2 protein chains.
Amino acid sequence: MATRKVTKLPRSEREAERRKTILRAAVEVFSRKGYQGCRIADVAKEAGVAYGLVYHYFKDKDELLGSVFESGWSAFLSRVAAALSHESDFEAKVRSVVHVAFEAYRRDPRGVKVLILEVGRSPSGGAVNRGGAFTNVIELAAGVFAHAQQQGELPAHLEPKLAAALFFGSIEMALTLFVVGLLERRDDVLDRARDQVVETFLRGVEHARPSPGAAAVEANPSEAAPWTSAKSGTKSRVARRD
Amino acid sequence: MATRKVTKLPRSEREAERRKTILRAAVEVFSRKGYQGCRIADVAKEAGVAYGLVYHYFKDKDELLGSVFESGWSAFLSRVAAALSHESDFEAKVRSVVHVAFEAYRRDPRGVKVLILEVGRSPSGGAVNRGGAFTNVIELAAGVFAHAQQQGELPAHLEPKLAAALFFGSIEMALTLFVVGLLERRDDVLDRARDQVVETFLRGVEHARPSPGAAAVEANPSEAAPWTSAKSGTKSRVARRD
DNA sequence: TCCGCCGCTGATTCGAGAATCAACGAGACG
DNA sequence: CGTCTCGTTGATTCTCGAATCAGCGGCGGA
């Protein structure tokens with residue numbers, strides 16, 4: 001968007017730029033039509049380039065979609081890894097990973113949607129090793145849980161891989177609520193949801209604590225039930241376009 | 001499987017039987033190749049019928065796949081509803097729904113895989129109203145949670161829909177572990193996993209209690225860590241073929 | 001036993017979209 | 001300023017699978 005052809009870029013940079021443009025367009029189309037449903041022609045049109053150019057940058061459809069997935073997923077993975085390395089105690093780690101996931105969604109709902117809707121779902125034949133990616137996060141997280149168990153921060157009888165699955169399953173489905181529009185994509189809603197995910201995972205539904213500052217809200221009846229969006233007018237209508 | 005053509009059935013019943021055969025075949029192929037990836041020819045071959053017959057029973061591909069989804073999903077929904085109506089207190093409801101889900105997986109892994117891999121994931125254009133189905137369960141469960149809140153069994157500050165999402169997200173991802181082969185599909189593993197799902201959801205990872213009878217196991221070192229399957233030969237290479 | 005209906009067959013048709021390729025022209029380089 | 005390179009174009013070709021349809025034969029009824 002920003003750079004029109006006005007700015008002269010050296011050959012190589014212009015090329016890399018093109019490639020990224022196509023990749024972005026692919027994410028866009030992919031998020032609308034799904035892995036199998038999208039046509040190369042759509043991607044080309046979305047990117048504003050000729051049909052054939054897509055094949056100049058990517059061997060075939062599989063490679064294109066593979067790249068889309070790859071770049072999104074590795075970005076997410078590295079953010080998660082970074083978050084984990086910044087924190088030392090278990091609760092903080094859990095909190096920061098959830099934070100990363102929600103932040104990613106806030107930043108790029110489309111991209112997250114693509115990842116959510118495709119990871120681990122689709123025929124084993126596909127070029128993209130989604131199954132492998134799925135396995136990776138699960139095992140990364142499982143390592144964290146196993147470590148927490150050794151530190152005595154977590155009951156020893158839990159299976160770490162399963163704990164990891166419950167963790168990411170919660171995050172994924174929570175984000176799915178937003179993706180499908182059951183919850184409104186609004187900052188305050190996202191924040192409270194994030195807290196509830198963390199609390200429920202750590203302490204269970206029965207003992208989940210309210211979001212920090214929720215007490216204040218509790219005292220103010222007019223803002224009492226932010227979930228049910230009493231006054232529809234406020235921000236409402238976030239530009240739905242998924 | 002059981003009935004060959006030996007047993008003479010009245011016309012109408014034979015037809016209904018055929019229809020079911022095709023539906024079953026569709027589930028099978030569908031679970032292998034995915035919604036978009038499967039070809040009608042595959043379904044016909046799998047069912048052992050002529051290509052054209054598929055079109056005799058189903059208007060087109062979409063209707064076929066819609067029926068597959070519909071029948072599986074409605075069966076699941078009614079079991080869930082039944083389970084809910086049998087129990088009165090909150091914990092029991094949670095436990096029994098998880099039980100239903102795991103039981104469904106035990107009975108028909110392929111079918112569950114299809115539901116898991118397709119529900120809520122795919123372009124909104126699809127004939128099947130998967131999104132609607134997804135919304136349905138979430139809202140069914142949300143009702144249960146809201147009711148529990150009124151009974152004081154659950155903190156009032158939780159958003160019921162989100163709680164429902166966390167609940168089903170946990171179940172789904174737990175089953176996914178089995179579907180992709182990260183956990184072995186064995187009765188004892190399934191049982192323990194089921195308990196851990198319930199416990200983690202109700203009380204959180206930090207306070208999840210061991211499975212009933214785990215204490216007994218705890219006392220017996222040889223059976224100590226069934227998760228990590230000390231003796232390697234046991235689990236290893238689960239016959240990946242989903 | 002014979003007739004006619006209709007469940008069933010699978011080769012054929014048809015369209016959609018993936019992948020190719022020959023040609024064009026803008027920038028690089030002398 | 002001319003030429004050459006290569007990014008770019010989009011019509012063309014080719015593949016693959018959805019949907020059709022004309023006819024066959026098993027089954028039930030008379």
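It should be emphasised that the depicted structure is a prediction, and the values quoted were computed from it without experimental measurement. To find a chain, count down the sequence lines: A is the first, B the second, and so on, and within it residues start at 1.
Distance, Ile22(A) CD1 to dT8(D) C1': 10 Å, rounded to whole Å. Asp60(B) places its CG atom 9 Å from the C1' atom of dA19(D), with the value rounded to the nearest Å. Between Tyr55(B) atom OH and dC14(C) atom C1' the separation is 13 Å, expressed in whole Å. When the C1' atom of dA19(C) is taken as reference, atom CD of Glu63(A) falls 14 Å away, rounded to whole Å. Note: CD1 (Ile40(B)) to C1' (dT20(D)) measures 14 Å, nearest angstrom. For the pair Leu64(B) CG and dA19(D) P, the interatomic distance rounds to 10 Å; values are reported in whole Å. To the nearest angstrom, C1' of dA18(C) lies 16 Å from CZ of Phe58(A). Computed from coordinates, the Leu53(A) CG to dT9(D) C1' distance equals 8 Å when rounded to whole Å.
The aromatic rings of Phe69(B) and Trp73(B) sit parallel, their planes meeting at an angle under 30°, below the 60° perpendicular limit. Between Phe167(A) and Phe145(A), the ring planes are perpendicular. Angles over 60° get that label, and only those under 30° would be called parallel.
Using a 4.0 Å cut-off, some side-chain N or O of His56(A) falls inside it from OP1 or OP2 of dG7(D). Taking only side-chain nitrogens and oxygens, Tyr51(B) never comes nearer than 4.0 Å to OP1 or OP2 of dG10(C).
Distance OG1/Thr135(A) to CG/Leu182(B): 4.5 Å, rounded to 0.5 Å.
Between dG7(C), dA19(D), dA19(C), one nucleotide has an atom nearer to the side chain of Tyr57(B) than all others, and that is dG7(C).
No donor-acceptor distance shorter than 3.5 angstrom exists from the side chain of Arg185(B) to the backbone of Arg106(B), with no hydrogens or angles considered.
Judged by closest nucleotide on DNA chain C, Arg39(A) is the one of Gly52(A) and Arg39(A) placed further toward the 5' end.
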